[in-house]
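The next block holds one structure in the form of structure tokens; read it before the comments.
All chains are named by letter (A, B, ...) in the order of the sequence lines, taking the proteins before the strands, and each is independently numbered beginning at 1. Given the structure is predicted, the values throughout are model-derived calculations rather than measurements.
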4 protein chains.
Amino acid sequence: MATTPAKAPAPDKRRLILDAAVRVFARRGFNQCRVADIADEAGVAYGLVYHYFRSKDQVLSTLFEERWNVMVEVIEQVDEQELAAREKLRTVAGFIFESYRHDPDLMKVIIVEVTRAANSFGRTHLPEIRLAYDGIARIVAGGVQSGEFRDVVTPSFAAMAFYGAVEQVLTGWIFADEAIGAVEFEGAKDAIVETICGGLNG
Amino acid sequence: MATTPAKAPAPDKRRLILDAAVRVFARRGFNQCRVADIADEAGVAYGLVYHYFRSKDQVLSTLFEERWNVMVEVIEQVDEQELAAREKLRTVAGFIFESYRHDPDLMKVIIVEVTRAANSFGRTHLPEIRLAYDGIARIVAGGVQSGEFRDVVTPSFAAMAFYGAVEQVLTGWIFADEAIGAVEFEGAKDAIVETICGGLNG
Amino acid sequence: MATTPAKAPAPDKRRLILDAAVRVFARRGFNQCRVADIADEAGVAYGLVYHYFRSKDQVLSTLFEERWNVMVEVIEQVDEQELAAREKLRTVAGFIFESYRHDPDLMKVIIVEVTRAANSFGRTHLPEIRLAYDGIARIVAGGVQSGEFRDVVTPSFAAMAFYGAVEQVLTGWIFADEAIGAVEFEGAKDAIVETICGGLNG
Amino acid sequence: MATTPAKAPAPDKRRLILDAAVRVFARRGFNQCRVADIADEAGVAYGLVYHYFRSKDQVLSTLFEERWNVMVEVIEQVDEQELAAREKLRTVAGFIFESYRHDPDLMKVIIVEVTRAANSFGRTHLPEIRLAYDGIARIVAGGVQSGEFRDVVTPSFAAMAFYGAVEQVLTGWIFADEAIGAVEFEGAKDAIVETICGGLNG
DNA sequence: AATGAATGAGTCTTCATTCAT
DNA sequence: AATGAATGAAGACTCATTCAT
């Protein structure tokens, strides 16, 4: 957001490779991609990928960590604000949906190849993934303590349900090959909160 | 030769292979498994896997379809019963959690390798997967029509949230290497319904 | 020697690969050879090499062990015979030179790629290599004990000198691209014994 | 900037690289070393290696030639002296063993990576290697002509045996990871001469 | 039906060398 | 002279699939 001042920022080859990797991973999936695809997409020589990254795995891990750290931080910052728990959850959902809106490829890669890949990167990055769940659980716990939320399910269960619902919506968008409209993006965070906080019951 | 005589059930090699595949796929993941692993686990010759199945992919697809069809049918049957929508959802959640309780390996494989594998089997089996979503959405729609549910989110959105929450709970169990207690299984379906239908708000 | 009865022994593919490996390793050296070269030379598919051997390294190790074990055994058997130490050494030298005469490629590979490769296979197979040195040293020690040999250098030093001289002669043959004549083979063992046992001094 | 002023000897980068190469080649072997390892060990930039040397091969060749030329010269000078052939051989063996004592890494590299590498550098440098053999053979021939040595084996065969014995002793030291004691260094040259010239026979 | 040897395309990774600065 | 980013060819190993018996 602040990297492009006036004329032309030196095109960092490392960044070029990471951005290219996002595109090819999103397009065909991590396992279906050859390292050559990344290099080609980035317009750099094959070997340069290995100059900057130890392995193909590390390219994906780097992408994940870059973004996931931001999300974990956002969740924490949101929790520190003076807001109703419901509003905090809305903000978190909004941030995640906005992340997808801003860079759908990156979010697709993170969710499909890491977050939901229980047998490969999901297990490797489990500690980091849990940081996000825990942050959400703390928001819920705060809501329970303040009396805003009922004390019917454990905060960590509620966090699971909340995050699961959010990710499923994203998965729906990922599977849908059509572009997502602005209205849907806007409505999604409200719908999530309406469902999880308000409940379906009349 | 008959599938189920009187005493000793004929050890159907095809079944042996499928069951072995579930175990090895659950243990190390579909991609990390070689066809030889399946054959070894089943105690049959390498080539026999290819006698019964066209490919390694087809082994997984068969496992998925066997189970998923049951689930889709259950959802439909539940919807046909004379029940409150909330009770229908509770039954569906209960069935899914029971499925995991009964055969955690199979459910793990189906969820991790198919349902959440957007770049491989998830896309292949998308139509079948959507059948389940649609079934749930119909239950919600019925609840809205009868006035039981508020008309705040679309039924298909609610179905996503519901199913996403359920799957996330299962994912949590899958990641947790410890065994899940009976109480948790029982409580899970109530907690899901309490969260999605009742809502967190007090 | 006993594997070929009457007509045509089934051409064991594993053996085919080993024999082919000897030829290509001798021709261009282990490091300069690709696994494909072995397969091509053997007339089998690439993958078959890996069906029978864990790695390219293991092909060489197998070749080495097959032959080296024979040599160690011969040295031991020679030592058990009722012979003057000098005759024992002559027999050992003769066996080694005959080994080269019978299969120069194999001996070249063993010496160049294992025995003299202190940074790779030489270190891996050091224990086995030392078995041969030790056997020779025992022969010398016997000669000293019987009074046949003077007690001027340690048996293990004498063994080193003896084996070093033998190997250097072989190395000379290996470097010489011309074929070695029968006379030279015959003379070599005598010359070695004459040099090491008789000494150069008049 | 001058190569050798008064006090601080200018740290010739070329020399730095050569010395570093000796250490890393000795440690892990030529083939197991990357050019980066040499540069790192020398504390210079990667590219500088290629500023001073055409290739990685040339670094090793330079090291070999520097030292080997000295040895060939020593052998020639020894032969020109008024000494018994036996004393000449003792001096040559002594020089080689002293070379190892003074810089074991360098001698290890020369022997393991060049002299005994029949499929790579050994073949490239064969002419130079033979110069040493020839020099030793001339010493033996002189001994035969003067009647000091018996005329039982050809001088070139005797040279092979002598050099082979010497190198085998060095190889033993190279393989032994422990340091070699002063006594052993001293005794080695006598033992070699005692064995090759005196002979084992009593 | 059952076996397991045989096939060969696919791909990650390494690393010597070049080159712009 | 010195730096280190950039290049790309080379090769070991994997493993799904086929096939002869």
Report yes if some heavy atom in the side chain of C/Gln32 is under 4.5 Å from a heavy atom in the side chain of C/Asp37; otherwise report no.
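C/Gln32 vs C/Asp37: side chains apart.
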Does any non-hydrogen side-chain atom of D/His125 lie less than 4.5 Å from one of D/Trp68?
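A side-chain contact is absent here, since even the closest heavy-atom pair is not under 4.5 Å.
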What heavy-atom pair brings [X] and [Y] nearest, and what distance separates the two atoms?
X: D/Leu63; Y: D/Val22; answer: CD2-CG2, 3.4 Å
X: A/Ala21; Y: A/Val59; answer: CB-CG1, 3.6 Å
X: B/Ile129; Y: B/Thr115; answer: CD1-CA, 4.0 Å
X: D/Arg28; Y: D/Cys33; answer: CB-SG, 4.2 Å
X: B/Ala20; Y: B/Ile38; answer: CB-O, 3.8 Å

I need the residues from residues 35-59 of chain A with at least one non-hydrogen atom less than 4.0 Å from DNA chain F; give them sorted by number, or say none.
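By residue number: A/Val44, A/Ala45, A/Tyr46, A/Gly47, A/Leu48, A/His51, A/Tyr52.
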Per-nucleotide pairing state of DNA chain F [Watson-Crick or G-U, under 3.5 Å; [ ] pseudoknot-crossing; | other strand]
.||||||||||||||||||||
Grab the [atom1]-[atom2] distance between [X] and [N] for me, whole Å please.
X: D/Arg28; N: E/dT14; atom1: CZ; atom2: P; answer: 12 Å
X: A/Arg15; N: F/dA5; atom1: CZ; atom2: P; answer: 17 Å
X: B/Arg34; N: F/dA16; atom1: CZ; atom2: P; answer: 8 Å
X: A/Leu60; N: E/dC12; atom1: CG; atom2: C1'; answer: 15 Å
X: C/Ile17; N: E/dA5; atom1: CD1; atom2: C1'; answer: 11 Å

Indicate yes or no: does D/Asp103 engage D/Arg67 in a salt bridge with an N to O separation below 4.0 Å.
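Here D/Asp103 does not pair with D/Arg67 in a salt bridge, since their nearest N and O are not under 4.0 Å apart.
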Name the residue closer to the 5' end of DNA chain E, choosing between B/Arg14 and A/Cys33 according to the nucleotide with the nearest heavy atom.
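Upstream on the strand: B/Arg14.
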Rounded to the nearest 0.5 Å, how far apart are OH of C/Tyr52 and CG of C/Leu18?
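Reported value, rounded in 0.5 Å steps: 10.5 Å.
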Taking DNA chain E as the partner, which of residues 111-123 of chain B come within under 4.0 angstrom of it by heavy atom?
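Heavy-atom cutoff 4.0 Å gives no residues at all.
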Does the cation-pi check pass for B/Lys56 over B/Phe30, that is, NZ or CZ under 6.0 Å from the six-membered ring centre and within 45° of its axis?
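Yes.
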Does D/Ala26 offer a backbone N or O that forms a donor-acceptor pair with the side chain of D/Lys108 under 3.5 Å?
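Side chain of D/Lys108 to backbone of D/Ala26, a donor-acceptor pair under 3.5 Å: yes, one is there.
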